[in-house]
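Structure first, then comments.
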Amino acid sequence: MGMPSELRALIFDVDGTLADTERDGHRVAFNQAFAQAGLDWRWSEDLYGSLLDVTGGKERIGAFISRYPGLAGLSADPAAFAATLHRRKTQIFLDLLQTGAIPLRPGVKRLLAEARSQGVRLAIATTTAPENVESLLRYAAGADLRGWFEAVAAGDEVPAKKPAPDVYRLALQRLGLGPAQCLAVEDSDNGVVACQGAGIAAVVVTVNAYTRDQGFPSVPLVIDSLGEAESPARPLRGNLGGQPFVDMALLRRIHAEVQGLGR
Ligand code: XBP
Ligand code: MG
């Protein structure tokens with residue numbers, strides 16, 4: 001057992017983690033894209049929740065088409081059709097982001113700023129399209145947070161999306177760090193399996209309405225948000241050591257414990 005690695009970087013998931021983008025963002029954009037294409041498809045909040053097990057918007061449209069045979073309006077080539085619909089959806093989602101309609105989740109900006117003040121590097125590993133990351137970071141927080149992240153791995157940059165480890169491996173490669181030097185922040189089982197598959201054992205999960213009932217195998221801390229002084233984080237698993245929110249000291253403790261366990 002070598003010396004435990006120092007925590008050098010945090011790698012953040014985007015959708016459901018940096019911001020609650022799915023129900024009122026992506027889902028709304030998908031439905032508007034369907035309507036603009038003259039389709040009578042409409043993804044309710046529940047149906048969308050069942051489709052979220054498929055990561056990637058194009059892949060999610062494809063899964064919908066295969067799960068509901070006989071849909072009206074299909075073209076001959078479903079993959080090309082899904083890709084065209086997805087491009088339209090992405091443009092609608094970008095317009096939505098640029099209105100500032102989607103805020104960062106509680107505690108995100110506070111934790112990012114604290115990490116930066118301590119020289120802990122920041123990266124992103126996400127399934128969503130790269131242009132969505134740029135706009136979310138530019139417009140969600142008011143201040144332009146895009147420059148805070150030195151490495152972004154996103155969307156189709158990798159052949160296999162979460163729960164495959166590819167996008168976390170790409171983030172690690174762009175950081176030039178090993179998995180033991182990093183801690184991931186995620187919101188979903190798919191995301192946890194992906195980071196663990198890339199060797200990142202230190203992970204904290206902030207759940208949302210769509211993911212709160214997932215299992216999160218071997219995750220030391222599962223909470224309802226990163227928390228703020230005025231809106232404390234509530235743990236579903238693990239504990240915050242009596243403090244109201246997740247801070248760098250807590251993340252360093254979790255990272256050290258996981259390293260010490262040699263997981
Ligand atoms: C969540 C996803 C994405 C979004 C939709 O990504 O699976 O597909 O739901 O975005 P993550 P796109 O949690 O890894 O951030 O339509 O651009 O895929
Ligand atoms: Mg997510």
Side-chain angles (χ1 to χ4, degrees), residues 9-30 32-33 51-52 54-63 79-80 82-105 108-109 112 115-116 121-177 182 184-188 190-195 197-198 200 208:
L10 302 182
I11 307 179
F12 282 84
D13 164 57
V14 172
D15 295 301
T17 301
L18 287 186
D20 212 347
T21 53
E22 296 291 1
R23 190 190 62 198
D24 301 333
H26 289 298
R27 183 184 68 91
V28 168
F30 279 111
Q32 285 183 13
L51 290 170
L52 272 175
V54 177
T55 62
K58 284 191 294 302
E59 296 79 356
R60 192 165 301 138
I61 296 171
T84 301
L85 278 174
H86 189 248
R87 276 192 297 278
R88 195 191 289 259
K89 171 264 174 184
T90 299
Q91 191 48 58
I92 293 165
F93 184 68
L94 288 170
D95 293 346
L96 181 64
L97 286 177
Q98 284 159 22
T99 66
I102 300 182
L104 292 179
R105 293 196 66 192
V108 167
K109 191 169 178 182
L112 292 174
R116 271 167 61 83
R121 300 156 68 191
L122 298 174
I124 279 175
T126 175
T127 304
T128 198
E131 54 267 46
N132 294 342
V133 180
E134 299 297 317
S135 287
L136 178 72
L137 294 176
R138 210 169 295 289
Y139 298 102
D144 182 351
L145 297 187
R146 174 62 188 85
W148 291 15
F149 292 87
E150 66 177 84
V152 174
D156 290 339
E157 290 189 296
V158 289
K161 292 183 166 77
K162 298 176 185 177
D166 303 41
V167 73
Y168 274 99
R169 289 206 177 113
L170 180 58
L172 287 169
Q173 178 194 326
R174 288 179 172 166
L175 283 166
L177 292 174
C182 299
V185 185
E186 267 283 353
D187 76 307
S188 69
N190 278 330
V192 169
V193 172
C195 72
I200 302 172
N208 50 69

Donor-acceptor contact present, side-chain Thr17 to main-chain Asp187, <3.5 Å:
yes
What do the steps show when you test Asp15 against Thr127 for side chain to side chain contact (heavy atoms under 4.5 Å, CB included), and what is the final call?
CA-CA 8 Å; Asp15 295 301; Thr127 304; over 6 Å; no
Any side-chain heavy-atom pair from Val14 and Asn132 closer than 4.5 angstrom?
no
Test item: Gln32 side-chain N/O and Ala29 main-chain N/O as donor-acceptor pair under 3.5 Å:
no
Looking at every non-hydrogen atom in both residues, tell me the closest pair between Ala171 and Ala153 and how far apart they are.
N-CB, 3.8 Å
CD1 of Ile102 to CG of Leu96: how many Å apart, nearest 0.5 Å?
4.5 Å
Quick check for you: to the nearest 0.5 Å, what is the distance between Ile11 atom CD1 and Thr126 atom OG1?
12.5 Å
Nearest atoms (heavy-atom pairs only) where Val185 meets Tyr168
O-OH, 4.4 Å
How about Val152 and Arg146: do any of their side-chain heavy atoms sit closer than 4.5 Å?
yes
Looking only at non-hydrogen atoms, find the nearest pair between Gly16 and Thr21 and report the distance.
N-OG1, 3.8 Å
Rounded to the nearest 0.5 Å, the CG atom of Leu94 sits from the CZ atom of Arg138 at a distance of 11.5 Å
Are Lys58 and Asp156 packed together at the side-chain level, in the sense that at least one heavy-atom pair is separated by less than 4.5 angstrom?
yes
Would you say Lys162's side chain and Ala125's backbone share a donor-acceptor pair under 3.5 angstrom?
yes
Using only atom types and a distance under 3.5 Å, with no angle test, would you say the side chain of Arg105 pairs donor to acceptor with the backbone of Asp20?
no
Apply the test side chain to side chain contact (heavy atoms under 4.5 Å, CB included) to residues Lys89 and Ile92: give CA-CA distance (whole Å), side-chain angles for both, the deciding distance (0.1 Å), then the verdict.
CA-CA 5 Å; Lys89 171 264 174 184; Ile92 293 165; 5.5 Å; no
Given side chains that start at C-beta, do those of Leu104 and Leu145 come closer than 4.5 Å, heavy atoms only?
yes
Does the side chain of Leu172 reach to within under 4.5 Å of the side chain of Cys182, using non-hydrogen atoms?
yes
Would you give the length of the straight line joining atom CG of Leu136 to atom CZ of Phe93, rounded to the nearest 0.5 angstrom?
6.5 Å
Look at the side chain of Arg121 and the backbone N and O of Glu150, then say whether any donor-acceptor pair between them is shorter than 3.5 Å.
no
Gly197 versus Pro165, closest heavy-atom pair with distance
C-CB, 3.5 Å
Val133 side chain near Leu18 side chain, heavy-atom distance below 4.5 Å:
no
Spatial distance of atom CZ (Arg27) from atom CZ (Arg23) [nearest 0.5 Å]:
7.5 Å
Please examine the side chains of Ile61 and Phe30, heavy atoms only from C-beta on, and report whether any two atoms are closer than 4.5 Å.
yes
Which pair of heavy atoms, one from Ala160 and one from Ala164, lies closest together, and at what distance?
CB-CB, 3.6 Å
Is the Phe149 ring parallel, tilted or perpendicular to the Phe12 ring (thresholds 30°, 60°)?
perpendicular
Exercise: identify the closest heavy-atom pair between Ala9 and Leu175
CB-CD1, 4.0 Å
Any chance you could measure Asp13, atom CG, to Ser188, atom OG, to the nearest 0.5 Å?
6.0 Å
Are side-chain heavy atoms of Thr84 and Arg87 found at a separation under 4.5 Å?
yes
